[in-house]
J.: 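One structure follows; several queries about it will come next.
Fair warning: this is a prediction, and the values are worked out from it, not measured in the lab.
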Amino acid sequence: MEQKNNKQVNWKSRLHDIIYEADTKEGKLFDIILIITIIISIVLVMLESVSSIDQKYHNILNISEWIITILFTIEYIARIICIKKPTSYIFSFYGIIDFLATIPKYISLIFVGTHALIALRALRLLRVFRILKLARYMGASINLVAALKASRIKIFVFLFAIIVLTIILGTIMYLVEGPQNGFTSIPYSMYWAIVTLTTVGYGDISPHTPFGQFIASIVMVLGYGIIAVPTGIVTSELTKADTKVPINTQHCTNCGSDKHLDNAKYCNNCGAKL
């Protein structure tokens with residue numbers, strides 16, 4: 001009985017290393033195959049949206065999607081089986097993404113037209129970060145997150161000021177240009193102010209009077225300065241941050257947590273031995 005349990009543990013441990021770990025040869029190969037499959041699946045959805053291609057190859061596309069869906073289902077179940085606390089994976093970010101990427105094809109059997117939701121599989125491409133070993137740059141990303149948190153109040157005040165500015169500009173342009181020139185309401189004039197202030201300029205509405213064009217010119221120039229403000233705020237906080245935490249891609253077999261420190265022997269989430 002004990003030998004049987006050991007074999008079961010070894011089997012699950014082996015499966016866990018293949019599915020979750022990117023540091024092993026098998027893990028890298030598994031992730032590469034997974035991402036290639038995801039890309040193929042997304043391409044199939046795109047091709048199916050082209051009516052001429054769908055009419056000619058509908059059966060081939062449909063069968064291919066079902067094959068990939070079944071493979072994803074097997075992979076999803078395997079991820080649940082090889083971890084001691086399945087709920088930690090099921091309700092994790094990647095677990096929810098994996099679930100959403102798997103069910104659309106099944107839902108399409110009940111609700112017609114929902115197969116396009118298969119494009120959600122594109123979110124699973126986030127796993128490419130594990131293959132590219134970008135975890136070694138995680139310290140830089142932690143600095144960025146810390147800088148964003150530190151500057152959130154300043155950014156909020158900045159956005160509030162922009163909202164006030166667009167209300168003022170929208171009201172002024174509504175009074176200056178009026179409905180006869182396309183500024184039919186203050187909200188619609190505010191839309192013009194946002195588009196102009198962000199230097200997008202769709203061109204669907206534009207001032208016609210000399211005074212309105214003068215105001216528009218000021219708003220356009222002002223837009224370039226406004227773009228630089230949040231960048232400067234975050235950059236200032238980034239220069240203050242000095243967080244350099246070496247993190248690897250090792251997964252905990254108990255709770256599925258990752259992003260452990262290099263040379264860590266225990267999980268930073270549940271305390272289980274790595």
Side-chain angles (χ1 to χ4, degrees), residues 11-83 85-138 141 200 202 248-253 256-259:
W11 172 76
K12 287 185 177 181
S13 178
R14 179 67 174 166
L15 184 62
H16 179 275
D17 289 343
I18 294 173
I19 294 178
Y20 284 98
E21 301 296 344
D23 294 331
T24 63
K25 185 184 293 185
E26 295 84 356
K28 289 178 183 178
L29 179 61
F30 176 82
D31 280 353
I32 290 171
I33 293 174
L34 177 61
I35 289 176
I36 291 173
T37 307
I38 293 169
I39 294 173
I40 292 173
S41 174
I42 295 169
V43 171
L44 288 174
V45 174
M46 291 180 178
L47 291 176
E48 192 177 12
S49 67
V50 182
S51 58
S52 59
I53 296 176
D54 183 50
Q55 290 175 5
K56 192 174 182 180
Y57 303 104
H58 177 75
N59 291 333
I60 296 175
L61 293 173
N62 188 50
I63 292 171
S64 300
E65 284 181 12
W66 271 114
I67 292 173
I68 291 175
T69 298
I70 292 171
L71 290 175
F72 283 153
T73 304
I74 295 172
E75 182 234 349
Y76 181 74
I77 295 172
R79 286 183 180 275
I80 295 174
I81 291 174
C82 68
I83 196 169
K85 293 183 180 179
T87 53
S88 64
Y89 162 71
I90 294 172
F91 297 105
S92 67
F93 173 75
Y94 282 121
I96 294 172
I97 293 301
D98 290 348
F99 179 74
L100 292 176
T102 305
I103 61 169
K105 193 64 178 176
Y106 296 113
I107 295 177
S108 66
L109 293 174
I110 304 173
F111 302 101
V112 180
T114 58
H115 63 278
L117 292 173
I118 296 174
L120 285 169
R121 288 174 183 161
L123 293 174
R124 301 189 74 189
L125 290 173
L126 290 171
R127 294 187 185 280
V128 75
F129 291 109
R130 293 173 58 218
I131 297 175
L132 298 179
K133 294 283 191 175
L134 292 186
R136 59 184 172 182
Y137 300 115
M138 195 61 69
S141 66
V200 177
Y202 291 124
N248 58 41
T249 60
Q250 190 173 13
H251 275 252
C252 175
T253 56
S257 178
D258 57 358
K259 300 177 183 177

J.: Measuring from Ile63:CD1 to Trp66:CH2, what's the distance to the nearest 0.5 Å?
T.: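 Between Ile63 CD1 and Trp66 CH2, I get 12.0 Å after rounding to 0.5 Å.
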J.: Would you compute the distance between atom OG1 of Thr69 and atom CD1 of Ile103 and round it to the nearest 0.5 angstrom?
T.: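 Answer for the OG1-CD1 pair, Thr69 versus Ile103, is 11.0 Å.
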J.: Which residues pass the side chain to side chain contact (heavy atoms under 4.5 Å, CB included) test with Ile81, sequence neighbours left out?
T.: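 Trp11, Lys12, Ile77.
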J.: The criterion is side chain to side chain contact (heavy atoms under 4.5 Å, CB included); which residues satisfy it with Leu47, sequence neighbours excluded?
T.: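 Here the qualifying residues are Val43, Ile53, Leu61.
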J.: Looking only at non-hydrogen atoms, find the nearest pair between Ile18 and Glu26 and report the distance.
T.: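 For Ile18 and Glu26, the tightest heavy-atom pair comes out as CG1-CB, 3.9 Å.
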J.: Quick one: pull up CD1 in Ile80 and CD in Glu75 and give me the separation to the nearest 0.5 Å.
T.: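 Answer rounded to 0.5 Å: 10.0 Å.
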J.: What are the two closest heavy atoms between Leu15 and Ala78, and how far apart are they?
T.: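 Answer, listing the atom of Leu15 first, then Ala78: CD2-O, 4.0 Å.
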J.: Evaluate the side-chain proximity of Leu29 to Lys25: yes if any heavy-atom separation is below 4.5 Å, no if none is.
T.: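 Contact flag for Lys25/Leu29 side chains = no.
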J.: Taking the ring of Tyr76 and the ring of Tyr89, is the distance between their centroids below 6.0 Å?
T.: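 Tyr89 vs Tyr76: aromatic centres under 6.0 Å.
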J.: Excluding sequence neighbours, so at least two apart, what forms side chain to side chain contact (heavy atoms under 4.5 Å, CB included) with Tyr202?
T.: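 Tyr202 satisfies side chain to side chain contact (heavy atoms under 4.5 Å, CB included) with Tyr191, Val195, Val200, Asp204 once adjacent residues are dropped.
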J.: Measuring from Ile67:CD1 to Thr37:OG1, what's the distance to the nearest 0.5 Å?
T.: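 Here the rounded value is 11.5 Å.
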J.: Check whether any side-chain heavy atom of Phe72 sits under 4.5 Å from a side-chain heavy atom of Ile38, and report yes or no.
T.: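 Yes, close enough: below the 4.5 Å cut-off.
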J.: Measure the CG-CG distance between Asp54 and Asn59 for me, rounded to the nearest 0.5 Å.
T.: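 Spacing of CG (Asp54) from CG (Asn59) equals 9.5 Å.
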J.: Rounded to the nearest 0.5 Å, what's the gap from CG on Asp17 to CZ on Phe30? Could you check?
T.: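 With rounding to 0.5 Å, CG (Asp17) is 12.5 Å from CZ (Phe30).
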J.: I'd like to check the side-chain hydrogen bond (donor to acceptor under 3.5 Å, both in side chains) partners of Thr73; sequence neighbours left out, ordered by chain and number.
T.: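 By the side-chain hydrogen bond (donor to acceptor under 3.5 Å, both in side chains) rule, Thr73 matches Tyr106.
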J.: Which residues pass the side chain to side chain contact (heavy atoms under 4.5 Å, CB included) test with Ile36, not counting sequence neighbours?
T.: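 Ile36 satisfies side chain to side chain contact (heavy atoms under 4.5 Å, CB included) with Ile32, Ile40 only.
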